[in-house]
Amino acid sequence: MKSFKRFLLLAIVASLAVFAAACGNANNNGGNEGSSEGASAEGGEELEGSVVIDGSGTVFPFMSLMAEKYMTEAQEGVSVEVSRAGTSAGFKKFLVEDGTDFNNASRTIKDEEKAQADELGMEVKEMKVALDGLTIVINKENDWATELTEEDIKKIFLAEGNIKNWSDINPDFPNEPIKAYGPNENHGTYEFFWEKILEEKDLVEGVNLQQEYSTLVDLVSKDKNAIGFFGYGYYASNTDKLTAVKVDFGNGPVEPSLDTIAEDGDYANFTRPVFTYLNVDMAKEKPQVLDYAIYTMENAQTVASETGFAPLTDEEIKASVEELEGLK
């Protein structure tokens, strides 16, 4: 766990440093090709220029560490800037003229977003990079709600559940008000939870939705009656502050972990793929963008494991790399 925190801290520091370095450049200034070695570049050439990435806060730790590794181990001449506006907010920066090169997303692209790309004449490629487990978290002092059913969780977050106090879930629980927290509408995590799990029904009145995941961690860690949700990686880096709820989907309680998070596993109901979306036109125009895309997939399994995500299969990685290589 200390190792994961160290990697996450290094990644965030690196991304901030890159942002400062990139401020003087437009988002999509074309890169210049040089002539030395790189991990993925064809012929081992040295590349220069910028790669600009925004989007999902959930995917941010993964992509931030990926960027650090790429800049230090593969292409020192390329500046990779990673920001975290949120999936939906990121797509707004991606689906414009001279937008970002990649948009990280904790959900699939929507039909209306595809239509925007078509209107722009933009070819967009979906890159599945890892698996995440939506994690329900509670305060460390909460020793009564460590195991909940999927239906209990829905009732807590749905207006129609008419749940006010913990005792409304179970008479043995304290007769104290539940404080519900989560990411706001900018985030794919919110959309996944609301659309897939809550089936687009009204959220409970008074739910506290936040832009920053660090704020959510802080709020839940300081409120004994809090319950919140976000990606597994943010829980994994804060196990000293939070408890993950074991969820009973019908066959007994399941704890989210890198072993249980799988699309066909015990935690499947709360498992989702996470993505980055590539502007194919930019990848063809700027060699460093395509090189970074290939590097990302070649190293996705390692970086996923280091940042709280379940890795993809070898077959998925191989197929994705071959597709990207075909863009050369």
Side-chain angles (χ1 to χ4, degrees), residues 7-31 49-72 75 78-107 109-110 113 116-117 122 124-127 129-130 132 183-191 209-217 230-231 233-234 237 274-279 282-283 286 288-289 291-293 295-296 299-300 303-304 306-309:
F7 274 119
L8 182 57
L9 179 59
L10 284 172
I12 292 173
V13 170
S15 67
L16 290 174
V18 170
F19 176 78
C23 282
N25 298 324
N27 273 1
N28 284 293
N29 285 344
S50 65
V51 176
V52 183
I53 308 167
D54 210 324
S56 169
T58 297
V59 183
F60 175 78
F62 170 96
M63 194 59 79
S64 186
L65 181 56
M66 187 71 71
E68 180 193 356
K69 286 178 176 289
Y70 182 76
M71 290 185 291
T72 57
Q75 293 287 353
V78 176
S79 172
V80 184
E81 174 194 331
V82 185
S83 300
R84 48 180 175 179
T87 297
S88 296
F91 270 123
K92 292 177 182 177
K93 297 181 179 183
F94 180 69
L95 297 170
V96 293
E97 293 290 346
D98 297 323
T100 52
D101 300 312
F102 295 85
N103 188 62
N104 298 328
S106 53
R107 60 161 173 81
I109 189 170
K110 295 181 176 181
E113 291 163 341
Q116 283 180 269
M122 179 191 299
V124 175
K125 180 170 179 55
E126 180 180 277
M127 295 168 54
V129 295
D132 179 44
N184 66 21
E185 296 89 340
N186 283 332
H187 293 280
T189 298
Y190 166 88
E191 293 173 295
L209 303 178
Q210 295 288 328
Q211 171 67 20
E212 296 295 332
Y213 287 106
S214 58
T215 303
L216 286 174
V217 170
F230 40 66
Y234 281 95
S237 61
V274 293
F275 310 90
T276 192
Y277 284 83
L278 168 66
N279 182 331
M282 288 300 175
K286 303 195 300 181
Q288 75 274 18
V289 172
D291 190 61
Y292 184 79
Y295 180 91
T296 294
N299 294 275
V303 173
E306 292 177 356
T307 51
F309 293 91

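All heavy atoms count here, side chains included; hydrogens, waters and symmetry mates do not.
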- Message: According to salt bridge (charged side-chain N to carboxylate O under 4.0 Å, His left out), who are the partners of Glu191, at least two apart in sequence or on a separate chain?
- Response: Arg107, Lys110
- Query: Taking the side chain as C-beta and beyond, is there a heavy-atom pair between Val129 and Phe275 under 4.5 Å?
  - Reply: no
- Message: Is any side-chain heavy atom of Val82 closer than 4.5 Å to one of Phe60?
- Response: yes
- Distance-only, no hydrogens or angles: does the Gln288 side chain make a donor-acceptor pair with backbone N or O of Ser50 under 3.5 Å? yes
- Query: Quick one: are Asp291 and Val289 in side-chain contact, heavy atoms under 4.5 Å?
  - Reply: no
- Task: Write down the atom of Lys69, the atom of Val303, and the distance for their closest heavy-atom approach.
- Result: CD-CG2, 3.8 Å
- Taking atom CD1 of Ile53 and atom OH of Tyr277, what is their separation to the nearest 0.5 Å? 15.5 Å
- Measure from the side-chain N and O atoms of Thr100 to the backbone N and O of Asp54, and report whether any donor-acceptor pair falls under 3.5 Å. no
- If we only count heavy atoms from C-beta on, is the Thr276 to Asn103 side-chain gap below 4.5 Å? no
- Query: Rounded to the nearest 0.5 Å, what separation is found between the CD atom of Gln211 and the OG1 atom of Thr215?
  - Reply: 9.0 Å
- Message: Within the 4.5 Å heavy-atom criterion, are Leu65 and Glu306 side-chain neighbours or not?
- Response: yes
- Task: Using a cut-off of 6.0 Å, state whether more than 12 heavy atoms not belonging to Lys125 lie near its atom NZ.
- Result: yes
- Query: About how many Å separate CG of Asn186 and CD of Glu212, when rounded to the nearest 0.5 Å?
  - Reply: 10.0 Å
- Item | Distance, nearest 0.5 Å, that separates CG of Asn104 from CE of Met66 | 10.0 Å
- Is there side-chain contact between Met127 and Phe102, with heavy atoms separated by less than 4.5 Å? yes
- State whether Lys92 and Glu113 are salt-bridged, where the test is any N-O pair (Lys NZ or Arg NE/NH1/NH2 against Asp/Glu carboxylate O) under 4.0 Å. no
- Query: Is a side-chain N or O of Glu126 found less than 3.5 angstrom from the main chain of Leu278, in a donor-acceptor match?
  - Reply: no
- Tyr234 side-chain N/O to Gly57 backbone N/O, donor-acceptor pair under 3.5 Å: yes
- For Gly231 against Thr58, the heavy-atom pair lying closest together: CA-CG2, 4.4 Å
- Message: Is the shortest side-chain heavy-atom distance between Asp101 and Phe94 below 4.5 Å?
- Response: no
- Message: Using 0.5 Å steps for rounding, measure from the CD atom of Glu185 to the OG1 atom of Thr87.
- Response: 13.0 Å
- Flag for Gln210-Asn184: side-chain donor and acceptor within less than 3.5 Å: no
- Task: Over 60° means perpendicular and under 30° means parallel, so classify the ring planes of Tyr295 and Tyr292, tilted if in between.
- Result: parallel
- For His187, the option from Phe230, Tyr213, Phe91 that meets ring pair (Phe, Tyr, Trp, His ring centres under 6.0 Å): Tyr213
- With the side chain counted from C-beta on, respond yes when Glu97 and Met122 share a heavy-atom pair under 4.5 Å apart, and no when they do not. no
- Task: Looking only at non-hydrogen atoms, find the nearest pair between Gly90 and Ala85 and report the distance.
- Result: N-CB, 4.3 Å
